[in-house]
Amino acid sequence: MTTDLAPELAGARILPVLTVPSVAHAGPLADALTAGGARCAEVTFRTPGAEQVVKAMAAHGGLAVGAGTVLTSEQAERAVVAGARFVVSPGYDADVVATCRELDVPVVPGIATATELMRALRAGLDTVKLFPAEPLGGIGVLEALAAPFPQARFLPTGGIGLAHLPVYLSHPAVLAVGGSWMATTGHLRRGDYDGIRRLTAEAVQRSTG
């Protein structure tokens with residue numbers, strides 16, 4: 001397992017961010033995402049069953065499944081045991097970063113300021129999650145951060161929708177864009193897997209078009 005997630009993100013360009021209410025959704029959700037052309041997915045640790053969802057979706061085999069909203073080392077360990085191939089945090093936590101390195105799993109910490117970005121870079125991490133991207137100022141703040149830190153690569157997430165993709169993905173410092181609009185809890189509760197497939201396909205097409 002490599003600690004460098006950048007090539008995988010750069011190839012995918014789109015990272016569906018998933019909050020899954022029940023493990024029963026995992027298989028049909030993985031089917032819908034892969035049918036739409038997704039290559040990666042982030043399962044957030046915001047629900048009691050997140051660990052089981054990661055395990056089930058990782059077993060599907062069609063996606064590189066990671067764990068998101070990881071706040072503690074203990075969560076990171078549980079996610080990796082369940083099969084997560086990468087870990088994403090909303091902020092920078094030194095213990096989470098250290099644990100992921102011990103486990104030889106890529107970690108993408110969240111940053112919102114130049115100070116936080118410098119901390120991540122000093123720790124040897126050049127791929128960070130800009131979060132929450134749109135409330136922070138969108139592409140403008142990303143451009144402002146990228147200018148003095150040309151070595152940094154970004155995964156903007158937070159408030160992003162289909163219409164935002166072209167401007168983010170056109171920036172050379174952006175590896176991929178994370179978003180939850182492709183598969184919301186509403187879609188899952190309704191069993192609208194065709195809607196998930198369609199929205200994912202639209203996002204993939206927009207990212208490559």
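If you read the sequence from its start, that first residue is 1, and numbering goes on from there.
- Rounded to the nearest 0.5 Å, atoms OG1 (Thr208) and CZ (Arg13) are 10.0 Å apart.
- Taking 4.5 Å as the limit, every side-chain heavy atom of Phe86 sits out of range of all side-chain heavy atoms of Val70.
- Ala64 is linked by a side-chain contact (heavy atoms from CB on, under 4.5 Å) to Glu8, Cys40, Arg85, counting only residues two or more places apart in sequence or in another chain.
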Please step through side-chain contact (heavy atoms from CB on, under 4.5 Å) for the pair Arg153 and Val128, ending with a clear verdict. CA-CA 6 Å; Arg153 296 294 176 264; Val128 295; over 6 Å; no

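- Of the inter-residue distances, the one linking Leu63 atom CG with Arg39 atom CZ reads 11.0 Å to the nearest 0.5 angstrom.
- With rounding to the nearest 0.5 angstrom, the CG atom of Leu142 is 10.0 Å from the CG atom of Leu136.
- Across Gly36 and Val204, no two heavy atoms sit closer than the pair O-CG2, 3.7 Å.
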Solution key, residues 52-60 side-chain donor-acceptor pairs under 3.5 Å, sequence neighbours excluded:
residue	atom	partner	partner atom	Å
His60	ND1	Gly62	N	3.2
His60	NE2	Asp31	OD1	2.7

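- Residues satisfying the side-chain contact (heavy atoms from CB on, under 4.5 Å) test with Arg78, not counting sequence neighbours, are Phe45, Glu51, Glu74, Gln75.
- In this structure, Phe154 CZ and Phe131 CZ are separated by 15.5 Å, a value rounded to the nearest 0.5 Å.
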Under 3.5 Å donor-acceptor pairs involving side-chain atoms of residues 169-182, not counting sequence neighbours:
residue	atom	partner	partner atom	Å
Ser170	OG	Pro166	O	3.2
Ser170	OG	Val167	O	2.9
His171	ND1	Ala173	N	3.0

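- Counting heavy atoms from C-beta outward, Leu145 and Thr113 have side chains that stay 4.5 Å or more apart.
- Residues His25 and Tyr193 bring a donor and an acceptor atom of their side chains to less than 3.5 Å of each other.
- Looking at every heavy atom in both residues, Leu71 comes nearest to Pro90 through CD2-CG, 3.6 Å.
- Between Ile196 and Leu188 there is a side-chain heavy-atom pair separated by less than 4.5 Å.
- Of all heavy-atom pairs between Ile160 and Ala133, the closest is CD1-CB, 3.9 Å.
- No donor-acceptor pair closer than 3.5 Å links the side chain of Ser89 to the backbone N or O of Tyr92.
- In this view, Asp194 and Arg197 satisfy the salt bridge (Lys or Arg N to Asp or Glu O under 4.0 Å) rule, not counting sequence neighbours.
- Counting heavy atoms from C-beta outward, Ile14 and Arg206 have side chains that stay 4.5 Å or more apart.
- Nearest heavy-atom pair across Ala41 and Leu18 is CB-CD1, 3.9 Å.
- Applying the side-chain contact (heavy atoms from CB on, under 4.5 Å) rule to Thr44 yields the partners Val17, Thr19, Glu42, Arg46, Thr69; only residues at least two apart in sequence or on another chain are considered.
- Here the CG-CG distance, from Leu125 to Leu121, works out to 8.0 Å after rounding to the nearest 0.5 Å.
- With hydrogens and angles disregarded, no donor-acceptor distance shorter than 3.5 Å links the side chain of Gln205 to the backbone of Ala201.
- Val87 and Val43 are not part of a single hydrophobic cluster, where members link through side-chain heavy atoms under 4.5 Å apart.
- The distance from the CG atom of Leu130 to the OG1 atom of Thr157 is 8.0 Å, given to the nearest 0.5 Å.
- Note: the hydrophobic cluster containing Val23 does not contain Val80 (ILVMFWY, side chain heavy atoms under 4.5 Å, direct or indirect links).
- Two residues are said to be in side-chain contact when any heavy atoms from C-beta on lie closer than 4.5 Å; Lys129 and Ile111 fail this criterion.
- Between the side chain of Thr47 and the backbone N or O of Val20 there is at least one donor-acceptor pair closer than 3.5 Å.
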